2 protein chains.
Amino acid sequence: MRRSAAKTAFRPTLAEVARLAKVSPATVSRALNNPNIVAEETNRRIQEAVRQTGYVPNLLAGGLASSRSRLVAIIVPVLARSVFNEMIEAMTEELMAARYQVMLSLSGHQDEHLPAIVDSVLARRPEGIILTGMVTDPLLRERLVSTGATIIETRHLPGEPIQHVIGFSHHAVGVAVAQAFHELGRRMPLIVAPDTVRSLERQNGFTKEMARLGVRRVSTITMPMPSSVGQGRAALAEFLDNGGKADCVMCGADWQAHGVIIEAQRRGIRIPEDLAVFGFGNTDFAESMEPSLSSVNIDGRQIGVAAAQILVERSPGPPTFRDVGFSLIRRESA
Amino acid sequence: MRRSAAKTAFRPTLAEVARLAKVSPATVSRALNNPNIVAEETNRRIQEAVRQTGYVPNLLAGGLASSRSRLVAIIVPVLARSVFNEMIEAMTEELMAARYQVMLSLSGHQDEHLPAIVDSVLARRPEGIILTGMVTDPLLRERLVSTGATIIETRHLPGEPIQHVIGFSHHAVGVAVAQAFHELGRRMPLIVAPDTVRSLERQNGFTKEMARLGVRRVSTITMPMPSSVGQGRAALAEFLDNGGKADCVMCGADWQAHGVIIEAQRRGIRIPEDLAVFGFGNTDFAESMEPSLSSVNIDGRQIGVAAAQILVERSPGPPTFRDVGFSLIRRESA
DNA sequence: CTGAAAGCGCTTACAG
DNA sequence: CTGAAAGCGCTTACAG
């Protein structure tokens with residue numbers, strides 16, 4: 001029993017639309033969700049009633065009744081300088097077209113909000129959950145799978161997938177960059193990178209490949225998230241001021257690479273003659289810099305679109321495990 | 001009547017928690033939402049039952065029953081290179097602490113998805129809607145207010161607010177930058193800016209103030225959204241190649257300013273001696289550039305926190321209209 | 001401090 | 001193609 005507390009705003013319900021259109025609520029529901037099973041003339045009357053009342057369906061009620069929330073959650077660490085934006089925007093467009101809504105949740109630079117985020121996300125009963133980080137806590141993993149939501153891990157290739165995967169190998173990225181530097185004749189490599197799991201995978205790939213090619217010594221400067229231009233400058237400055245020597249540097253992000261180049265230029269170090277530089281992410285400014293920045297490109301749109309497809313099609317069968325790869329974009333800096 | 005279609009995932013309900021804890025569903029609801037009105041020992045039993053079952057409340061049902069969705073929608077054009085990220089992150093943190101969830105919606109570079117977005121947002125019955133763009137269509141405005149949700153327009157000072165406003169005057173920004181250039185003795189101003197309503201307000205302020213100071217001629221290069229480094233380069237190149245002359249340039253975004261500086265440097269134009277440059281947004285790379293970039297700083301965190309407060313407090317009374325101002329950050333470029 | 005019961009606004013299996 | 005009715009999983013006014 002409830003009292004209709006001072007109704008601030010009049011919100012027409014489906015029942016009122018039905019009354020106006022002189023049909024049952026059930027028929028209005030059908031007309032809205034599946035118009036082709038409703039008679040032409042009935043559809044018309046209902047459309048008119050919707051227009052007149054300004055009716056907006058209540059998806060809290062709809063989702064509860066149908067067990068279809070039409071909601072997809074995307075969990076990313078942060079927005080600023082995020083490498084995920086392209087994927088998010090592509091996925092959002094695809095899902096909007098299929099009448100889904102995406103709910104973006106921020107888990108924090110170190111995923112520090114993840115447990116709280118997962119609970120608040122699950123409370124909305126999303127049909128899909130897109131993960132951009134690694135979920136290692138077994139309790140959280142279990143909570144996620146028990147949901148019944150479609151889980152998609154993106155932008156890496158986990159050893160033990162939760163369910164679907166659309167990503168690429170960070171290890172392979174490191175290998176490819178090492179090879180590129182080696183072909184340029186570089187033998188004194190430096191790594192400037194954040195202390196994230198994925199960056200470490202790239203570093204491992206890089207270091208192992210360098211070793212295989214006969215270069216046993218790799219210098220590394222690790223920086224805390226978030227990566228920034230200033231951080232790249234600081235990293236190179238610290239390295240050089242301590243007597244470090246390098247003829248090539250793999251950065252964990254284009255931002256850092258940008259900073260490395262600025263700092264090098266200030267010191268009269270020529271790019272790429274004295275120092276070859278590779279970024280990561282192929283951020284839009286990479287091609288506009290002077291010198292332009294070589295970087296690793298990930299097709300975020302492709303990942304976003306593929307993820308959306310999995311969600312919309314809801315096809316049964318075994319989970320997807322898809323490596324979308326990456327490409328080295330060679331420009332002036334390496 | 002419904003058949004429980006092949007239940008893929010077991011989702012415990014509040015009723016099952018109640019059974020386990022040997023209390024009524026009503027009491028579980030109270031323990032979860034308002035624990036201090038429930039007996040200590042009862043709370044304990046319920047907590048234990050929640051733990052055992054892995055219960056996660058269904059906010060679709062909760063929101064429907066209580067007419068409190070605990071949802072706040074933020075509508076932004078796009079994510080990439082967005083000047084809103086700081087505000088979004090601050091607001092998200094504040095709202096999370098108050099048990100709200102934010103749902104981020106993308107309206108597109110030209111707000112082209114806005115009508116569709118508004119409907120899908122309203123369907124979730126958010127308690128608040130944060131607008132970052134202008135809503136001029138009277139029908140959309142009406143739809144928004146009729147909702148009963150708290151509406152907050154941010155980052156500008158509209159002449160006819162929908163409801164609450166937390167922003168600053170773009171016109172005043174233009175005036176301030178004009179004054180800064182004028183004090184530096186610059187008399188041949190150039191504007192490189194996107195074709196957005198807000199950028200136009202800054203341009204108007206700039207142009208009027210310049211005229212007041214005796215400088216009647218202002219060159220303008222207008223670029224389509226989104227702003228980028230490459231765009232800034234292209235704009236300056238086009239201007240100079242067509243014989244344009246300028247000794248200072250106000251840019252619509254730090255990205256563009258960055259590009260302007262790169263292009264100028266490539267042509268041997270000294271910054272700031274030959275060309276003073278002002279950006280907008282005080283993006284994090286501004287201080288790390290060489291030369292460092294002067295820019296206009298907006299305190300996004302402050303806007304985000306203030307908006308969250310309005311939503312959480314839900315205090316009645318007249319709507320807020322708050323000018324948070326801005327500040328010119330003077331660095332090497334101007 | 002707690003319970004029984006009505007109701008939130010939809011959807012859908014069933015029966016025509 | 002359409003309607004009557006049950007049910008989705010909660011909350012809350014009412015009554016103790």
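In the text below, chain A, chain B and the rest are named by the order of the sequence lines, each starting its count at 1. Model, not experiment: these values are computed from the prediction.
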Whole-Å distance between D:dC1 P and A:N43 CG?
-> 10 Å
Of all residues at least two apart in sequence or in a different chain, which pass the side chain to side chain donor-acceptor pair (under 3.5 Å) check with A:R99?
-> none
Select one nucleotide: of C:dA4, D:dC10, D:dT11, the one nearest the side-chain heavy atoms of B:S24.
-> C:dA4
Decide, yes or no, whether a salt bridge links A:E41 with A:R45 under the criterion of side-chain N to carboxylate O below 4.0 Å.
-> yes
In whole angstrom, give me the gap between the P atoms of C:dA6 and C:dT2.
-> 23 Å
Stem regions touching DNA chain D, defined by at least 3 consecutive Watson-Crick or wobble G-U pairs below 3.5 angstrom | C:1-3 with D:14-16, C:5-12 with D:5-12, C:14-16 with D:1-3
Residue-phosphate contact under 4.0 Å: A:T42 side-chain N/O, D:dT2 OP1/OP2 = yes
To the nearest angstrom, the CG-P distance between B:N36 and C:dC1 comes to 9 Å
Under-3.5 Å donor-acceptor pair between A:R11 side chain and C:dG9 base | no
Closest listed nucleotide, where the reference is the side chain of A:A26 and the choices are C:dG9, C:dC10, D:dA4 = D:dA4
Quick one: are B:L79 and A:E89 in side-chain contact, heavy atoms under 4.5 Å?
-> yes
A:K22 NZ to D:dT2 P: how many Å, rounded?
-> 16 Å
Any N or O donor-acceptor pair linking the side chain of B:R30 to the base of C:dG3 at under 3.5 Å?
-> yes
Could you tell me whether A:R314 and A:E127 make a salt bridge, using a distance below 4.0 angstrom between a side-chain N and a carboxylate O?
-> yes
Can you tell me how far P of C:dC10 sits from CG of A:L32, to the nearest Å?
-> 9 Å
Check: B:D299 side chain, B:Q302 main-chain N or O, donor-acceptor pair, under 3.5 Å | yes
Take atom CG of A:L14 and atom P of D:dG7, then tell me their distance rounded to the nearest Å.
-> 20 Å
Any side-chain N or O of A:N33 under 4.0 Å from OP1/OP2 of C:dT11?
-> yes
Atom P, compared across D:dC14 and D:dC10: separation rounded to whole Å = 24 Å
Under the side-chain hydrogen bond (donor to acceptor under 3.5 Å, both in side chains) criterion, do B:E16 and B:Y55 qualify, and how do the steps go?
-> CA-CA 9 Å; B:E16 297 168 67; B:Y55 174 67; over 6 Å; no
Protein-nucleotide distance (A:I46, atom CD1; D:dC1, atom C1'), rounded to Å | 11 Å
Let me know the distance between CD1 of B:I37 and C1' of C:dC1, rounded to the nearest Å.
-> 8 Å
Starting from the 5' end of DNA chain C, give me the residue, B:V38 or A:R68, whose nearest nucleotide shows up first.
-> B:V38
When you measure from the side chain of B:R125, which nucleotide among C:dC10, D:dT12, D:dC10 comes out closest?
-> C:dC10
Nearest of D:dG9, D:dG3, C:dC1 to any side-chain atom of B:A39?
-> C:dC1
Is there a donor-acceptor pair under 3.5 Å between the side chain of A:T53 and the backbone N or O of A:V17?
-> no
Would you indicate, yes or no, if D:dT2 has its OP1 or OP2 atom less than 4.0 angstrom from a side-chain nitrogen or oxygen of A:T27?
-> no
Which residues satisfy the side chain to side chain donor-acceptor pair (under 3.5 Å) test with B:T27, sequence neighbours excluded?
-> B:S24
CG of A:L64 versus C1' of D:dG7: gap in Å, rounded?
-> 9 Å
